[in-house]
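For reference, the structure is listed below as structure tokens.
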Number of protein chains: 2
Amino acid sequence: MTEQLRRFKAEIFQGLAHPVRIAIVEALCEGERPAGWLTEHLGLEQANGSQHLAVLRSKQIIVSRKQGNQVFYSLRDPVLIKVLEILRRYFYAQLAETESLMRQVKAGAGGARR
Amino acid sequence: MTEQLRRFKAEIFQGLAHPVRIAIVEALCEGERPAGWLTEHLGLEQANGSQHLAVLRSKQIIVSRKQGNQVFYSLRDPVLIKVLEILRRYFYAQLAETESLMRQVKAGAGGARR
DNA sequence: TCAGTATATTCGAAAATGCGAATTTACGAA
DNA sequence: TTCGTAAATTCGCATTTTCGAATATACTGA
């Protein structure tokens with residue numbers, strides 16, 4: 001069971017492991033959107049956008065609803081937003097850390113080291 | 001900047017997008033561990049374990065500390081544990097949903113549908 | 001029915017990933 | 001220095017991912 005859980009988690013991560021797909025998820029935080037709006041909003045090729053949506057669908061990260069001519073997508077579970085938020089904080093923490101490191105290096109060593 | 005943030009997130013997700021690497025991170029929740037312990041604990045080939053550690057290192061998810069003959073690994077930022085916990089809850093929620101769906105299908109339709 | 005729009009799927013090529021076998025590097029002890 | 005252990009790296013190969021171009025599908029309205 002624990003192995004199955006790990007596979008499940010890995011699948012979710014794999015689904016989110018692309019900047020475009022993260023952008024899609026972020027856009028869907030605002031609410032349901034049609035596929036066309038997403039691809040246009042993100043400046044993607046039609047096919048490419050659809051492919052990324054297919055990946056997210058296959059990992060059950062998003063769900064679709066057909067209405068007339070178009071397909072509306074939404075997050076299956078908004079809990080994933082929390083994950084992205086955590087990572088945003090993590091990102092800035094790391095940025096700050098790297099910056100202070102750079103300052104140290106600059107201040108400390110006079111020239112380039114070999 | 002927002003694009004850079006998305007790339008950063010995607011890198012983290014990419015780093016976690018493998019059951020073995022998730023197992024490594026979970027093991028490191030308990031605290032620092034030497035590389036050898038991890039590969040043995042998870043039943044991996046020595047090289048393979050080292051490769052997965054290299055991936056996690058390259059994404060800055062773990063950090064290493066050399067002591068004598070061995071290399072100790074630890075999580076760079078335990079906040080990632082939270083992410084895994086969220087996904088565990090998410091997993092069980094989805095499981096429950098799927099189960100209730102199965103029950104509905106079983107109860108509703110008499111036989112296999114085509 | 002036919003034409004038009006929205007979306008999905010297929011195909012082929014390039015790139016990235018995952019793995020075990022073999023090799024290399026780094027370290028401690030004799 | 002030489003040996004033995006821990007870990008990293010390299011290599012070759014199979015699999016997967018990513019992308020754009022082309023094609024197919026589904027629906028609407030005339």
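Note that the structure is a prediction, hence the values are computed from the model and not measured. Order of the sequence lines sets the chain letters (A, B, ...), proteins ahead of strands, with each chain counted from 1.
- Applying side chain to side chain contact (heavy atoms under 4.5 Å, CB included) to Pro19(B) and the options Arg7(A), Lys9(A), Gln4(A) leaves one that passes, Arg7(A).
- Phe72(A) comes within 4.0 angstrom of nothing in the nucleic acid, heavy atoms only.
- Considering every non-hydrogen atom in both Ile62(A) and Arg57(A), the closest pair reads CG1-N, 3.7 Å.
- Rounding to whole angstrom units, CZ of residue Phe13(B) and C1' of dA16(C) are separated by 19 Å.
- Spacing between atom CD1 of Ile22(A) and atom C1' of dT18(D) amounts to 16 Å, rounded to whole angstrom units.
- Rounded to an integer number of Å, the gap from Arg65(A) CZ to dC27(D) P is 14 Å.
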(request) Give the intermediate values and the outcome of side chain to side chain contact (heavy atoms under 4.5 Å, CB included) for residues Leu5(B) and Ile22(A). (result) CA-CA 10 Å; Leu5(B) 177 50; Ile22(A) 291 183; over 6 Å; no
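- When the P atom of dA7(D) is taken as reference, atom CG of Leu38(B) falls 9 Å away, rounded to whole Å.
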(request) For side chain to side chain contact (heavy atoms under 4.5 Å, CB included), just list the numbers for Val63(A) and Arg76(A), CA-CA rounded to whole Å, side-chain angles, deciding distance to a tenth of an Å, and then say yes or no. (result) CA-CA 6 Å; Val63(A) 293; Arg76(A) 165 162 175 161; 4.0 Å; yes
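- Remark: Arg6(B) engages Glu3(B) in a salt bridge, criterion side-chain N to carboxylate O under 4.0 Å.
- Across dA8(C), dT18(D), dT17(C), the shortest atom-to-atom separation from the side chain of Gln14(B) is found for dT17(C).
- Nucleotides of DNA chain C nearest to Gln67(B) and Gln70(A) differ in position, and the one nearer the 5' end is that of Gln70(A).
- If you take OH of Tyr73(B) and C1' of dA7(D), they are 8 Å apart, rounded to a whole angstrom.
- Listed by residue number, the members of residues 45-55 of chain A with any heavy atom below 4.0 angstrom from DNA chain D are Glu45(A), Ala47(A), Asn48(A), Gln51(A), His52(A).
- Side chain of Arg21(A) to main chain of Gln14(A): a donor-acceptor pair is present (N/O by atom type, distance under 3.5 Å, no hydrogens or angles).
- With hydrogens and angles ignored, a donor-acceptor pair closer than 3.5 Å exists between the side chain of Asn69(A) and the base of dT5(C).
- Rounded to an integer number of Å, the gap from CD of Glu40(B) to C1' of dA7(D) is 14 Å.
- We find that NE2 of His18(A) is positioned 12 Å from P of dT17(D), with the value rounded to whole Å.
- No more than 12 heavy atoms of other residues, nucleotides or ligands lie within 6.0 Å of CD in Glu40(A), so this atom counts as exposed by the packing criterion.
- The separation between Leu44(A) atom CG and dT18(D) atom C1' is 12 Å, rounded to whole Å.
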